[in-house]
Amino acid sequence: MPESNNQRITSVGIDIGTTTTQLVISQLTIENTASGSLVPHVEITDKEVIHRSQIYFTPLVDRDLVNAVAVSKILESEYIAAGLTPEMIDTGAVIITGETAKKENAKAIIDALAGFAGDFVVATAGANLEAIFAGKGSGAALYSAERHQVVVNIDVGGGTSNYATFHEGKAVDSSCLNIGGHLIEFERHGDRITYISEPAQTALETTGQRLQVGERVTLPQLRPVVKAMAECIVEVLKTSVHSNLTHKLLMTPPLQLAHPIRKVMISGGVADYVYAEKEPERMAEVTVFGDFGPLLGWELKVSLDSAGFVLEKPNETVRATVIGTGTQSVNLSGSTIHLQETTLPLRNIMVVSPFTAVIPETPEMIAEVIKSEMIQLQVAQTEGVVAIAMKGPRTMSFLDINSFAQGLLLGMQDYIVNAKPLILVMEADCGKVLGQCINASATHPLEVICIDQIEVDNCDYIDIGKPLMGGRVVPVVLKTLVFNR
Amino acid sequence: MAVANNDLEKVIIQSVMEELAKKGLLSQKGKDHMMSAAMMDMPFVPNPQSEEMVTFPPQEEMQIDNPFNADAVRAMKKLTPARIGIGRAGTRPKTMSLLRFLADHAVAQDAVFLDVSDEFLQRMNLMAVQSSAGSKDEFLQRPELGRRLSEEAARKIAEKCEKNVQVQILIVDGLSSSAIEANIPDLLPALMQGLKSSGIKVGAPFFIKNGRVWVQDHVASIVNCDVVISLIGERPGLGTAESLSAYMIYRPDENTVEADRTVISNIHKGGIPPAEAGAHLTDVIKQILSAKASGVKLNQQK
Amino acid sequence: MILKAKVYNKIFAFQSLKEVMSKANEEKSGDELVGIAAKSASERVAAKLVLSNLTLEDIYNNPVIPYEEDEVTRAIYDGLNLRIYQEIKSWTVGYLREYILDHKTTGENLLHISRGLTSEMIAAVAKLMSTMDLVCGSKKIRVQSHCNTTLGIPGTLAFRCQPNHPTDSVEGMLASLKEGLAYGSGDAVIGINPVEDNVETVSRLLDTVKNFMVKWEIPTQNCVLAHVTTQMKAIEKGAPVDLVFQSIAGTQKANDAFGVSSAILDEAFALAQRKGSATGPNLMYFETGQGSEVSLDAHLGVDMMTLEARTYGFARGYRPFMTNNVSGFIGPETIYSGREVIRADLEDLFMGKLHGLPMGIAPCYTNHMKADQNDQEMGTLLCAMAGSNFFMGVPGGDDVMLSYQDTSYHDDASTREILGLRPLPEFEQWLEKMGILENGKLTERAGDPSIFDK
């Protein structure tokens with residue numbers, strides 16, 4: 001059959017964290033897996049990492065501001081090393097994590113990377129997303145699916161610890177704690193403190209320790225505060241009643257702990273020290289990278305052991321997040337969808353989910369719900385592109401789909417007069433017929449993009465890429481631009 | 001009847017007791033005793049108005065007693081529609097597994113052996129004709145009969161159907177009447193809407209009883225259409241008896257072979273939902289019309 | 001050769017041996033469809049009467065499809081032991097029936113004369129046998145074969161674990177496999193019917209099953225039931241194939257429709273010997289069924305039962321590890337009812353065994369036949385009593401990929417326990433090691449697929 005049954009796309013993942021910046025390039029194989037007489041079913045069938053960058057220290061202008069130009073230089077040199085040009089990159093994501101995830105950084109990085117990162121590389125952030133990418137990259141998601149056991153992945157980096165709980169391959173819980181191995185900085189291989197971050201200061205105060213910048217410390221002097229931090233990390237796994245310190249350092253709501261937890265996996269820069277054979281014995285061993293990561297790793301292992309958790313080894317440690325970002329950020333839509341190809345790609349589409357409970361029966365009532373949601377969100381219907389997200393129509397009957405189409409047209413009346421595309425994203429498998437109904441009901445020609453089999457829970461923005469496989473599917477990146485703090 | 005009889009019985013007992021009591025032949029205690037004895041003899045009276053009923057537990061329920069890893073069994077059940085994680089009574093299936101199997105087979109057999117109802121055909125406004133197979137038994141045992149229209153059907157189609165249309169839609173019971181009743185109400189309007197809004201000329205759809213796929217060739221020879229599409233009930237499995245297939249062919253003739261047909265199968269609420277299938281089939285028919293070919297010949301042109 | 005018979009006051013005359021053979025059959029819808037079945041009960045008996053009086057030589061001299069025109073006929077005649085044939089050619093078919101049933105005749109005796117019998121002779125005698133005759137005759141014959149383990153040992157009953165999945169999902173397949181093993185099913189073979197007949201799918205399934213067998217040290221054989229040419233390509237690419245599978249039929253025309261021939265099977269067998277992963281010497285797995293020639297319109301006017309016998313004649317040259325009969329799978333136009341299936345299963349089991357084949361039966365049915373699970377279970381028990389080497393094992397009896405019903409994992413365990421039969425010895429040891437079986441009975445732990453998920 002000349003119509004190709006598979007396609008390969010190149011995806012880049014870039015992780016810009018508190019301490020390190022890295023990049024991986026992967027090749028994703030997209031295939032129609034449905035047999036001859038079935039309606040096509042396109043899915044990602046293989047993910048292969050083809051290039052791993054060096055691990056760079058994140059280039060900074062000052063303590064809080066990333067040097068975006070230097071980041072783009074890193075990218076350029078790594079593309080050359082991988083033998084790729086930006087045009088060869090089909091998709092991917094930049095994830096801005098930890099302490100770096102501040103608005104001004106994100107903006108600068110996106111601007112600097114434009115042109116370097118291919119046609120459809122998007123910026124994402126958000127502690128929950130980061131935690132989930134890390135757990136997918138570390139192998140925790142796969143472990144939970146293969147062993148049928150709940151596992152929590154904690155990505156312990158320079159500034160944060162990101163938790164994601166996986167059950168049968170799916171993330172079911174996540175949280176973020178402001179603890180990482182780089183919160184206090186030292187002279188490399190030395191014992192003199194060069195910087196104490198705010199969360200570290202909080203930890204010091206709560207534990208009654210007094211350490212100051214410029215001071216030289218011994219291992220016994222440093223250990224209590226690091227031990228306290230390690231115990232905070234473990235506490236989040238154990239209980240929802242938190243000590244004062246944990247409470248202060250939580251950056252998101254805590255883990256809900258709906259699933260009993262026994263298995264724990266650690267990824268991130270600190271992970272290698274969790275799985276180390278022996279503990280650091282001298283300050284020079286602790287500060288090998290100018291921080292206290294090795295000690296935090298060891299103390300974390302001790303705390304987990306004594307709390308009775310079973311440590312499982314990840315497939316990736318320090319690269320977990322970037323691999324997760326590069327290989328897991330892209331979702332594929334369902335394989336029977338409705339779209340006009342020329343409009344795509346579209347970025348930063350704001351997601352509006354008007355239907356919280358049941359979907360009303362009549363077009364008028366459906367329109368009412370949409371209108372009031374648009375007003376409530378103060379979406380000026382003259383600005384920006386919006387996607388209406390929902391589980392699906394009231395039922396899958398043709399009558400309900402048709403009423404739904406009419407309701408959507410009515411509710412989005414003011415929006416579509418501005419010649420903006422009507423974008424719909426839903427979970428139920430009826431994108432094509434809904435698109436057809438909308439076009440049949442519309443009084444004048446209208447751009448309709450109607451994609452299905454995509455869950456958009458808890459996501460604020462989406463990007464929709466250029467169609468793949470002869471227009472059968474589109475890549476969709478779900479993201480949030482709500483940065484920490 | 002049972003209720004009436006019991007009431008009568010109670011009335012009789014009561015009046016006898018009252019008579020006895022009047023005559024002082026009965027203590028209060030004895031009266032209670034005899035009353036309750038009478039009540040105990042009364043059989044349980046079913047209440048046909050009650051909403052209570054017996055049903056199967058959910059299919060995904062894990063039925064193994066004390067499994068080694070219950071989560072694993074649940075997860076395995078999600079990975080396959082096969083009947084696993086169903087437990088056992090000795091070496092035999094549990095009662096609910098046995099009854100569910102019987103129910104699924106019963107539904108499958110009914111789908112094959114019962115006809116599409118007249119009420120359904122009227123509601124969908126479908127003209128009905130029949131293949132040369134006179135009965136279900138004949139239809140099942142003599143495949144060639146289901147591939148030809150009866151003489152009466154051929155006459156009726158020649159008389160009533162519009163000729164030289166681009167697309168003729170047939171609804172054919174095939175091996176599952178249930179598939180027709182379950183899917184056509186959502187599939188047909190979606191398909192008609194799609195074809196009409198693309199400006200394609202469509203003949204009025206009609207129904208063929210006891211038909212097989214090839215009967216479409218006979219119809220096409222009478223109405224002289226470009227594309228004939230049969231929406232036909234698939235052979236039921238125990239998983240679903242409602243699966244429908246669409247067979248499409250461009251201008252069939254006596255040299256037509258199986259490979260000339262384009263097929264889309266597995267249309268039902270658990271596969272591709274019927275309304276979505278209608279929209280998808282619109283696209284497929286458009287491709288066939290523009291390529292002037294179907295089946296393998298269509299694929300070669302893509 | 002007398003082709004005329006009188007049944008009480010009615011005289012019936014037949015034109016050919018072929019006509020006698022078809023009219024002597026018990027009622028089946030496929031013979032009716034082709035128009036070669038007896039027109040009345042009396043005619044049926046008359047045909048049986050004529051047949052009983054014919055000699056084996058009469059049958060030898062009148063093959064239902066000429067030697068020159070059909071390679072199945074050639075395989076049957078070329079493989080015949082003429083010395084044994086000469087010794088018995090004067091026997092009538094009626095005498096052959098009594099010889100088979102005689103107390104003095106052993107299974108060894110039957111396997112000896114088997115080499116001098118053509119497929120048509122075997123079909124002919126089976127047409128004279130009642131249900132219980134067929135069970136008695138079948139029970140005498142045990143044929144053993146060896147791939148990685150030995151199939152057909154007296155006192156054992158084996159099962160093919162058939163963990164099919166409607167989209168070839170490896171994880172879904174493994175889930176059904178674990179369930180089957182937990183019931184003691186899978187000693188004959190772990191055999192999967194793929195949806196997609198391509199090298200990638202076949203290799204992926206073969207690798208997965210082989211790795212699982214290695215990881216859990218399961219003594220059995222693996223097989224993916226794709227077309228033989230697909231399996232050959234998979235072998236060439238290094239996939240681990242213990243058994244090479246193919247569906248075969250009783251005419252060259254039907255085999256052409258299946259895309260097989262002697263030449264292809266010879267090549268497949270040679271490849272399995274050179275590059276297959278099994279111990280051997282038996283490396284082939286065949287499936288057959290009454291009616292396949294009818295549904296392919298390749299019957300050449302011969303009845304379904306005789307064609308089925310010819311299929312066995314074609315198979316025996318390849319010394320298969322297992323031959324499985326799936327007559328109930330073909331459809332109502334060939335076999336309509338539960339009664340017809342049970343009869344066909346018993347005929348096929350007997351005919352296969354008398355051909356010296358390691359026979360198993362799939363007493364199965366589809367949803368457009370007038371048959372149900374009760375018929376299926378009766379067929380299973382009768383065939384088990386008749387000494388079938390193996391049956392299938394399908395989760396809950398419902399094959400979710402092929403959409404038909406067959407012996408369930410539960411039935412597998414039940415049949416063994418009812419008749420006091422054991423798994424193949426190596427596999428029984430493995431089941432005991434896994435804590436699934438104890439003294440031939442399922443343990444408390446059995447039936448739980450999650451024992452493989454520590």
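Lettering of chains follows the sequences in order, A, B, ..., and the numbering in each one begins at 1. Worth saying up front: this structure is predicted, and the values here are computed from it rather than measured.
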Is the shortest heavy-atom distance from the side chain of C:S408 to the side chain of B:P93 under 4.5 Å?
no

Which portion of C:A182 sits near chain B, non-hydrogen atoms under 4.5 angstrom
neither

Of the backbone (N, CA, C, O) and the side chain (C-beta and beyond), which part of B:I86 lies under 4.5 Å from a heavy atom of chain C, both, or neither?
both

Side chain, backbone, both or neither: which part of C:E417 has an atom under 4.5 Å from a heavy atom of chain B?
side chain

Minimal heavy-atom distance between B:G239 and C:D398, with the atoms involved, is N-OD2, 4.4 Å

Judged by atom type as modelled, is there a donor-acceptor pair below 3.5 Å linking the side chain of C:D448 to the main-chain atoms of B:F68?
yes

Who wins among B:G237, B:A70, B:G90 for the most heavy-atom pairs under 4.5 Å with chain C?
B:G237

Interchain contact, B:R88 with chain C, by part (heavy-atom threshold 4.5 Å)
both

Within a strict 4.5 Å, meaning less than it, do heavy atoms of the C:H368 and B:P236 side chains meet?
no

Identify which part of C:K178 has an atom lying under 4.5 Å from any heavy atom of chain B, answering side chain, backbone, both or neither.
side chain

Side chain / backbone / both / neither for C:D399 at chain B, heavy atoms under 4.5 Å:
neither

Which heavy atom of B:I64 sits nearest to which heavy atom of C:G447, and what is that distance?
CD1-O, 3.5 Å

Minimal heavy-atom distance between C:V400 and B:T80, with the atoms involved, is CG2-OG1, 4.4 Å

Please assess C:Y336 against B:L140 for the test side-chain contact (heavy atoms from CB on, under 4.5 Å), listing each intermediate value before the final yes or no.
CA-CA 8 Å; C:Y336 191 56; B:L140 290 167; 4.0 Å; yes

Taking every heavy-atom pair that is under 4.5 Å apart, which of B:A108, B:A72, B:A75, B:G87 has the most such pairs with chain C?
B:G87

Honestly, the part of C:D412 sitting under 4.5 Å from a heavy atom of chain B is neither

Just how far is it from atom NE2 of C:H410 to atom CZ of B:R92, taken to the nearest 0.5 Å?
8.0 Å

Considering residues, nucleotides and ligands other than C:K215, do more than 12 of their heavy atoms fall under 6.0 Å from its NZ?
no

Under 4.5 Å from any heavy atom of chain B - which part of C:T443:
backbone

Side-chain ion pair, C:E179 and B:K77, N-O less than 4.0 Å:
no

ring-ring contact (aromatic ring centres under 6.0 Å, His included) between B:H105 and C:Y365: does it pass, once the steps are laid out?
CA-CA 11 Å; B:H105 185 242; C:Y365 63 105; 5.3 Å; yes

Region of C:P166 that comes under 4.5 Å of a non-hydrogen atom in chain B:
side chain

If you take all heavy atoms of C:P395 and B:R83, which pair is closest and at what distance?
CB-O, 3.5 Å

One should read off an interatomic distance between B:Q141 CD and C:K370 NZ, to the nearest 0.5 angstrom, of 8.5 Å

Engaged part of B:D65 at the chain C interface, taking heavy atoms whose separation is under 4.5 Å:
neither

Within-4.5 Å side-chain heavy-atom neighbours: B:L98 and C:Q373
no

Ignoring hydrogens and angles, state whether a donor on the side chain of C:S403 or B:R235 is under 3.5 Å from an acceptor on the partner side chain.
no

Say you draw a straight line from CE of B:M62 to OG of C:S450; how long is it, rounded to the nearest 0.5 Å?
8.0 Å

So which atom in B:Q109 and which in C:N367 form the shortest heavy-atom distance, rounded to 0.1 Å?
NE2-O, 3.2 Å

For chain B, which candidate among C:K441, C:R416, C:E333, C:E171 shows the most heavy-atom pairs at distances under 4.5 Å?
C:E333

Could you look at B:L238 and say if it's the side chain, the backbone, both or neither that has a heavy atom under 4.5 Å from chain C?
both

Shortest non-hydrogen contact from B:I84 toward C:A175
CD1-CB, 3.7 Å

Walk me through it: do B:T91 and C:Y183 pass the test side-chain contact (heavy atoms from CB on, under 4.5 Å)?
CA-CA 9 Å; B:T91 58; C:Y183 280 89; over 6 Å; no

Engaged part of C:M369 at the chain B interface, taking heavy atoms whose separation is under 4.5 Å
backbone

Can you say whether C:Q405 sits under 4.5 Å from chain B via the side chain, the backbone, both, or neither, judging by heavy atoms?
side chain

Is C:L174 in contact with chain B via its backbone, its side chain, both, or neither, using a 4.5 Å heavy-atom distance?
neither

Other residues, nucleotides, ligands: >12 heavy atoms within 6.0 Å of B:K94 NZ
yes

